[in-house]
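What follows is a set of notes on a single structure, which appears directly below.
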Amino acid sequence: MALLNAKERMLRRAAKDIEAGMTVNLGIGLPTQVMTYVSKDLPVCLHSENGIAGVGALVTKDKADRNLIDAGGAYISPVPGASYFDSAVSFALVRSGRLDLTLLGAFEVAANGDLANWIIPGRFAAGVGGAIELAQKARKVGVITTHTDKHGNPKILERCTLPLTAINCVDRIYTDMAVCDITSEGLILKEIAEGVSVEDVVNATGADLTIPSAPLPTF
Amino acid sequence: MALLNAKERMLRRAAKDIEAGMTVNLGIGLPTQVMTYVSKDLPVCLHSENGIAGVGALVTKDKADRNLIDAGGAYISPVPGASYFDSAVSFALVRSGRLDLTLLGAFEVAANGDLANWIIPGRFAAGVGGAIELAQKARKVGVITTHTDKHGNPKILERCTLPLTAINCVDRIYTDMAVCDITSEGLILKEIAEGVSVEDVVNATGADLTIPSAPLPTF
Amino acid sequence: MPMPDKTTDMAGVITLIPDGASIMVGGFGVPGSPFCLIEELVRQGQKNLTIIKNDSNEAGMGVDWLLQSGQVKKLITSHIGLNPNAVRLMNEGLIEVEFVAQGILAERIRVAGAGLMGFVTDIGMGTPLAEGKQRVTFEGKEGIFEPALKADFALVHADTADPFGNLTFNATARNFNPLIAMAARCTIAEAERVVPLGKIDPGHVQTPAPFVDHVVALPDLPEVYGIVER
Amino acid sequence: MPMPDKTTDMAGVITLIPDGASIMVGGFGVPGSPFCLIEELVRQGQKNLTIIKNDSNEAGMGVDWLLQSGQVKKLITSHIGLNPNAVRLMNEGLIEVEFVAQGILAERIRVAGAGLMGFVTDIGMGTPLAEGKQRVTFEGKEGIFEPALKADFALVHADTADPFGNLTFNATARNFNPLIAMAARCTIAEAERVVPLGKIDPGHVQTPAPFVDHVVALPDLPEVYGIVER
């Protein structure tokens, strides 16, 4: 495999947590790209909140069905065993705990698991879509984000400063620098990107980060 | 047509109020028999709360589909244009006002429109089924009942003595003796069965009954 | 991408049910009642069950088997009028019965399956069914709070299933089946036919597979599923 | 027994809509959006409309036509991120926008169609979307009361209809369509095909006809229903 850049390694690392038998929803943007790194043989059911369980491969425009998109508007194919349903059933599936995992983007994540990913007051407030329910009700919530914003400011904070999407919902954060877990004991560094030092991660993180004494796996 | 008895004339009279374009639910027992007197050419959609709109003719056991019954357990056929749905959709249809008319049985009906048709304390309490929602939410509620019980006691009362199915819900009462309307001005005699006198009706009714001055139609 | 295979055997899957479990059961009369799953539950003999079902079937079939074998502690239902055994057990205090208006029962199950806490309705106001229930007033109108009704297990009868657990129901055998499939912690479906993945049109699926945990293919149907001779 | 015939013409049925009406509109992106019904509404020019729709379509299509023509007073929606015109109109105060979480929007519409007053949920607790909303506490757990969301009209896009108004939807064009069809006082469906009564399998009906008031057969579909080139 060709050498992966930091973003690609982040996506590949997140993909490793998608396990056989899971029903999974991948948020628009980076999270959707995680599927590139999931084995085609793994039995996983991809849900998209506009009304399908069993999202298959993306299709090109010339092969597209005008009535078959994912929640991001991409033309998709159904896998054998897919089902279509209305928006109420789609979110019933989310809220009643049938989603084993969702991966979402973030503006900010807090050490207590709070997530902010839909409003930047004065700059961006185009609606929450389905994010609140995905964040609050999926059994596991992963966030995929660059460790810092484009100005180098940390996106992982002691407390979020932006309006929240959901409280205390994030279990794991995948960044270009590290994998961190949010636990009852706080934020814990679990893995580290190749070529990144623990000090780099600590400096780029805006919250107390517990560093295990054992050597950290890299990805 | 052969001479009809009082019960048959009551059913035939109730059938006259089923109009083209209506969606109708007929309760188990006497109300279901009203369909015998509805023209086969009238465009009417019969709903049964177990999950069908477009109930057609009853079918004999040898022609029956084991999966296709009405709420009373009778084997039925679907009309062209029928639909099947789950119990939540079935009662959504009832509660949201899509039933133009329901015809129900009664233990007691009060002059204020209260209906009691599911509990006789100490004697009969086998559950309410779908009656509460039919009675409370159909746009028009008709009751079909003998004017008195088998002991000759009136079933139309000033106030119900039995636990209520729904309050202030009945619009019209069809009996073997009369048709009465429940209005904001109280109980009004509208029509009278052939061979029955106004005095007979008044004597058999346990509530104040307004008698119009104009001659009463018979049925 | 293959989908997970949830097909399993009848006896094994029913052993998942412990004493004291709450169990939703599909069916309105005969259509949609999972007689074979119930029969295995009777054979295994789990006790102190809470059964949630529209009706209690007729005497001599389905839920009545569980009543006769003394496995039922409580019945949550809309009516039991077609089963004199159920009425007798209730009157003798041998089972507890909670009556719920039929559409309210359907909706309490549905909101559980939709992951909500409950709903507010004016159905039953002024009647005994409203007594003792929490009230909610919104914009001057008073309603009754009806809590979500969940269960540990749902026993569903499907016409057709695929191995992933997509289900379709036949005519009025649909009734409560798609609702209970969403409202239980563990949903077990018996199916008259199990067809390969992709054989059910995705648009015709009535219960999407993520709601279903186990699929059991039925052998030739016993007589109890047939036309009722009254 | 014949079923009532609800087929009618586009121009006539849209004249039923008065100024100031609240209108639910189907669709999630392009699939399921009733572009022809919207186009006729733009042609007739009704004003001060409240539009209830998952999204505001993209610039240059569907709801955006109504926004551009100044017919919309208020938008109740889950997001408008794909339509910069909608964002601009909101930021300039030219339209009022009420954001509702997508599944809560779906459910508020559904409970209206189910004839209920509202539902109680913990979704949004601790976030700005919970602010100012009525609370309900049940068995020690606090939730938010979300009221039923009704409308005067629903504009639905169906794949297939029969003259009585039974509807089916195609793949992810289903989305909000079956929900809004139940929640409006008057439901108008445009359909790509109108087939004779009995041609839709009763088990495949996705919106039962009693919920539908008017059916309009579409001519050849305009390009806007096609694949979006981005």
Side-chain angles (χ1 to χ4, degrees), chain A residues 28 48-52 55 59-76 78 82 84-95 114-116 118-119 121-137 160 162-169, chain D residues 28-32 54-56 58 75 77-84 86-87 90-91 97 99-107 109-111 113 121-131 157 159 169-180 206-207 221 225-230:
Chain A
I28 296 166
S48 193
E49 62 268 31
N50 60 322
I52 173 172
V55 175
V59 290
T60 54
K61 301 260 147 118
D62 57 311
K63 299 233 171 73
D65 174 344
R66 66 186 163 86
N67 289 306
L68 187 45
I69 62 174
D70 67 14
Y75 292 99
I76 55 169
Y84 306 134
F85 33 78
D86 67 43
S87 296
V89 170
S90 193
F91 281 90
L93 187 155
V94 174
R95 284 189 308 260
D114 289 356
L115 173 66
W118 72 285
I119 303 179
R123 270 180 50 213
F124 181 84
V128 68
I132 286 186
E133 288 157 286
L134 292 168
Q136 196 173 327
K137 293 294 184 179
C160 291
L162 296 170
L164 298 182
T165 305
I167 59 172
N168 193 17
C169 63
Chain D
F28 188 121
V30 166
N54 175 62
D55 55 82
S56 52
E58 298 180 43
L75 195 56
T77 185
S78 86
H79 71 93
I80 57 175
L82 294 175
N83 187 338
V87 173
M90 173 180 72
N91 289 340
V97 177
F99 287 122
V100 184
Q102 196 166 102
I104 298 302
L105 181 63
E107 203 62 31
I109 294 169
R110 190 205 160 274
V111 297
T121 179
D122 61 359
I123 292 294
M125 292 291 281
T127 79
L129 280 176
E131 282 167 20
H157 177 84
D159 180 76
F169 309 99
N170 195 330
T172 58
R174 191 178 323 184
N175 54 67
F176 281 73
N177 278 302
L179 307 173
I180 65 170
Q206 290 167 356
T207 290
L221 289 187
Y225 290 91
I227 303 294
V228 180
E229 301 290 344
R230 283 198 191 84

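Being a predicted model, the structure only gives us computed values, none of them experimental. Hydrogens, waters and symmetry mates play no part in the numbers below; they use all other heavy atoms, side chains included. Labels below follow one simple rule: chain letters A, B, ... track the order of the sequence lines, proteins then strands, and each chain is numbered from 1.
Nearest heavy-atom pair, L164(A) versus P128(D), reported as atom, atom and distance to 0.1 Å: O-CD, 3.3 Å. For the pair I227(D) and K61(A), the tightest heavy-atom approach, listed with the atom from each and the gap, is CG2-CD, 3.6 Å. Between A101(D) and E133(A) the shortest heavy-atom distance is CB-OE1, 3.8 Å.
Side chains of Y84(A) and N170(D) form no contact here, defined as non-hydrogen atoms less than 4.5 Å apart. At least one side-chain heavy atom of L129(D) sits less than 4.5 Å from a side-chain heavy atom of W118(A). Within the 4.5 Å cutoff, no side-chain heavy atoms of N67(A) are placed close to those of R174(D).
Looking at Q136(A), only its side chain comes within 4.5 Å of chain D, counting heavy atoms on both sides. For S48(A), no part lies under 4.5 angstrom from a heavy atom of chain D. Both the backbone and the side chain of I123(D) come within less than 4.5 Å of a heavy atom in chain A. Both the backbone and the side chain of A71(A) have a heavy atom closer than 4.5 Å to some heavy atom of chain D. If you measure heavy-atom distances from V100(D) to chain A, the contacts under 4.5 Å come from the backbone alone.
Considering CD1 of I119(A) and CZ of F99(D), their distance stands at 8.5 Å, rounded to 0.5 Å. Atom CD of Q102(D) sits about 8.0 Å away from atom CG of N50(A), to the nearest 0.5 Å. The CG atom of D86(A) sits 11.5 Å away from atom CD1 of I180(D), with the distance rounded to the nearest 0.5 Å. Atom CD1 of I76(A) is separated from atom OG1 of T172(D) by 6.5 Å, given to the nearest 0.5 angstrom.
Chain A forms more heavy-atom pairs under 4.5 Å with one residue of D159(D), N175(D), N177(D), T121(D) than with any other, namely N175(D). For the set A126(A), A125(A), A135(A), the count of heavy-atom pairs under 4.5 angstrom toward chain D peaks at A126(A).
Scanning residues 87-94 of chain A against chain D with a 4.5 Å non-hydrogen threshold yields S87(A), A88(A), F91(A), sorted by number.
Between D122(D) and K137(A) there is a salt bridge, with a side-chain nitrogen of the basic residue lying less than 4.0 Å from a carboxylate oxygen of the acidic one.
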